[in-house]
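To start, the structure under review is shown below, and the notes come after it.
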There are 2 protein chains.
Amino acid sequence: MNDHIARERSMTDLTRATADIPPGRATIVDVARAAQVSRQTVSNVLNRPDKVAAPTLERVLREIDRLGFTPHVTAQQLRRRKAAAYGFEVNPSGHGRMGHILDEFLVQLTVAAPAHGSHLMTFAPDPDDVIEGYRQTLATGLVDGFVLADTRPGDPRPQWLLDHHVPFVAFGRVWDLPELLQWVDVDGGTGVRDAVAHLVAAGYERIGFLGWPAGSPVGDDRRSGWLAGLADAGRTASAVEAEESVQDLDQATAAAERLLRRLGPGSAVVCASDMLALGAVRAVRNTGLALGADIGVVGFDDTDVAEALSVTSIRQPIAEAARTAWDLLTSPQSPRPVLLSPVLTVRSSTTRTPSSPATRPRDTPITEEQ
Amino acid sequence: MNDHIARERSMTDLTRATADIPPGRATIVDVARAAQVSRQTVSNVLNRPDKVAAPTLERVLREIDRLGFTPHVTAQQLRRRKAAAYGFEVNPSGHGRMGHILDEFLVQLTVAAPAHGSHLMTFAPDPDDVIEGYRQTLATGLVDGFVLADTRPGDPRPQWLLDHHVPFVAFGRVWDLPELLQWVDVDGGTGVRDAVAHLVAAGYERIGFLGWPAGSPVGDDRRSGWLAGLADAGRTASAVEAEESVQDLDQATAAAERLLRRLGPGSAVVCASDMLALGAVRAVRNTGLALGADIGVVGFDDTDVAEALSVTSIRQPIAEAARTAWDLLTSPQSPRPVLLSPVLTVRSSTTRTPSSPATRPRDTPITEEQ
DNA sequence: CTGAAAGCGCTTACAG
DNA sequence: CTGAAAGCGCTTACAG
């Protein structure tokens, strides 16, 4: 099996001890033999090329290339006592409120891994004892640490990892441990604030907020961004301009209808999620108004739903979050928290009139810097 | 770091060679010492317990437990020349037509991995040279093979893997290589057929199909399932009862409107995707009809969108597909293809009247066996 | 600058 | 049934 590498390799394979090893991959010894050096020198070429004389270096590199040699990472891991791998927890029951954002985060972590000489191993802990899942995964020696996602108040993982000196980084603020520095998050509040600015510029008069019931840090953060945006524009929020709903379409629709009744045409609604925005879109229709022209709607997370409905939505910079996570994990300096700004994807749901100066090309993400 | 395991371990650590190794994890040698046996015996306890005398076995197991010993998988991999890991390609640009199904597949593969003594490593090949990504990943020795997803006509991966004797299994038929046996897929045709039966039972008179343009194996399969379902019910399809659209909401809505005009109230539309179903739902509204009562709509994949809109949808048994993939990959016998039946999640979009006998509790998946 | 030695933690024939 | 030996493929001080 796996005779895919270095088919040109020499017949010295036959000297290998165990007969059941199929010929196939070149090892450091094969390269050493071909280049007429010791295998330590080959290792030096790989790991500390500055310590190798130029002619030797070139000769060894040539043989590495010719034989198609790639170091066996498992052997490196064992010898270096470092897996150069990190664990990432996945969750069968969907990722709760975060939806598919975490799927994209996993993809982007994978994309960025090679640049940090690392890779990712997924694992699915028992929901009844998540910590045990982390303990076992670590005990295999297959990972050096973890990338946490979906951090939440009461999350036992950060403290456990801290207690056991396990390297980790969190995507999402670690709410319980304000002194903790190794996290990257997206500044949802700023995203909403920028969306309000966009709506003001687009000409909407009153701007309401459709959010979740108070108490979730993420939701409260987005709500305060809305208030800040209103303040930026010199407007004051009155209590009647906000509504809340749990993540259920019918309830969201009903809440949006109440909100629209108070706001009236010419106003806009910023929503804490695309699901809530979908409810708002239905409410607009049920009320007999036109999306965009009469009522602006902004969602959050720029999911398939927002794209399909042509709803403007606040997009988290997931790829950047993933790269930052690796930086925090592998950088030698002491980490500091990173708060990334989301980006507004403007679509027709926030175009008041077709000829409005606020109209932007559909589906073109723009950053609303303030 | 990582002093999380076996803090009760003996002080014999100090005899370890490299000083920079923090005390922490118990090794097989620690267990051997504590149990007064050689380390080979500990290994035998782990790998061939039947070859160890009962008292010895018990004594060693007790020490393993007391010291919290877990074998170092990296060392096992090196010695066994087997990674017991498989690579899974992830794709930044979304997974094309399959949507988030593949994200769930990855999660379910991860869930099922430990039962097969294996784990999963994600990697993201360069889209311009996917094969090279597979080659490099394999060359690290970190994986023994791959789980392929999103197979499609013209896919170069199966043939390359075959040529290089790399173990793999595919989620999705390998269209180009009919002789290939190691795949698991979901029988979309049967899913659609069952959906038609459900609609007939629910009392819808004419049943149309909203699909993709002909030419995609997956789409054509679903369309033929619709025809088979009509035949089952003793109905014949006429060309006017089908429409097609690319995966764009506006186009899908327009196509659905054309279809509805021909079908009239009391009929239903089976769609090849939830996105198309969303278009159908909009068309129903635009036409002034009531979803469910006047027009039935069925989607495919049971995504968030279907759930949010309360649309009946055909769900792929992803967890079962993942388990089957592991079986095919790790079973010693020669593999045979597996075609799984999807399951219909019935919601109010296919409830003709509130008191209809076809009404089923919302969100309860049921299997429509024929 | 180059190479002989030791060793990462484990497993697998093979003697006893 | 148990243990001494060899070795997986690599890296890291350390002599020369």
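Computed over heavy atoms, backbone and side chain alike; hydrogens, waters and symmetry mates excluded. Numbered from 1 within each chain, the chains take letters A, B, ... in sequence-line order. Owing to the predicted nature of the structure, the values given are computational and were not obtained by experimental measurement.
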Side chain of Val37(A) (C-beta onward), nearest among dT2(D), dG3(C), dG3(D): dG3(C)
Listed once per pair and sorted, the salt bridge (charged side-chain N to carboxylate O under 4.0 Å, His left out) pairs that draw on residues 322-336 of chain A, sequence neighbours left out: none
Whole-Å gap separating C1' (dG7(C)) and CG (Leu78(B)): 12 Å
Partner residues of Phe168(B) under the ring pair (Phe, Tyr, Trp, His ring centres under 6.0 Å) criterion, sequence neighbours left out: none
Pairing pattern in dot-bracket form [Watson-Crick, G-U; both distances under 3.5 Å; | = partner strand] for DNA chain D: |||.||||||||.|||
Qualifying salt bridge (charged side-chain N to carboxylate O under 4.0 Å, His left out) pairs with a residue from residues 38-58 of chain A, counting only residues at least two apart or across chains: Glu58(A)-Arg62(A)
Any Ser38(A) side-chain nitrogen or oxygen under 4.0 Å from OP1 or OP2 of dT2(C): no
Counterpart residues, side-chain contact (heavy atoms from CB on, under 4.5 Å), relative to Arg173(B) (two or more places apart): Trp175(B), Trp183(B), Asp185(B), Asp221(B), Leu339(B)
d(CZ, Arg81(B); P, dG7(D)) in whole Å: 13 Å
Sugar-phosphate, base or nothing in reach of Thr74(A), heavy atoms under 4.0 Å: nothing
With Ala35(B) via side-chain contact (heavy atoms from CB on, under 4.5 Å) - residues at least two apart: Val37(B), Arg59(B), Val60(B), Glu63(B)
For atom CZ of Arg59(B) and atom P of dG3(D), their distance in whole Å: 9 Å
Whole-Å distance separating the NZ atom of Lys82(A) from the P atom of dG7(C): 23 Å
side-chain hydrogen bond (donor to acceptor under 3.5 Å, both in side chains) against Asn47(A), all qualifying residues, sequence neighbours excluded: Ser43(A), Arg80(A)
Atom pair distance, as rounded to whole Å: NZ in Lys51(B) and C1' in dC14(C): 13 Å
Enumerate donor-acceptor pairs with a distance under 3.5 Å from any side-chain N or O in residues 110-121 of chain B to protein atoms, sequence neighbours excluded.
residue	atom	partner	partner atom	Å
Thr110(B)	OG1	Thr122(A)	OG1	2.7
Thr110(B)	OG1	Leu106(B)	O	2.9
His116(B)	ND1	Thr330(B)	OG1	3.1
Ser118(B)	OG	Ala84(B)	O	2.7

N or O in side chain of Thr41(B) less than 4.0 angstrom from dC1(D) OP1/OP2: no
Interatomic distance where CG belongs to Leu142(B) and C1' belongs to dG9(D) [whole Å]: 13 Å
Identified ring pair (Phe, Tyr, Trp, His ring centres under 6.0 Å) counterpart of Tyr134(B) within the set Tyr86(B), Phe88(B), Phe146(B): Phe146(B)
Between dG9(D) (P) and Arg33(A) (CZ): distance, integer Å: 12 Å
Which protein N or O atoms sit under 3.5 Å from an N or O of nucleotides 10-12 of chain C?
residue	atom	partner	partner atom	Å
dC10(C)	OP1	His72(B)	N	2.8
dC10(C)	OP2	Ile28(B)	N	2.5
dC10(C)	N4	Arg39(B)	NE	3.3
dC10(C)	N4	Arg39(B)	NH2	2.6
dT11(C)	OP1	Asn47(B)	ND2	3.2
dT11(C)	OP1	Gln76(B)	NE2	2.8
dT11(C)	OP1	Arg80(B)	NH2	3.2
dT11(C)	OP2	Ser43(B)	OG	2.9
dT11(C)	OP2	Asn47(B)	ND2	3.4
dT11(C)	O2	Arg79(B)	NH1	2.7

Whether Phe171(B) and Phe105(B) hold their rings parallel, tilted or perpendicular, with breakpoints at 30° and 60°: parallel
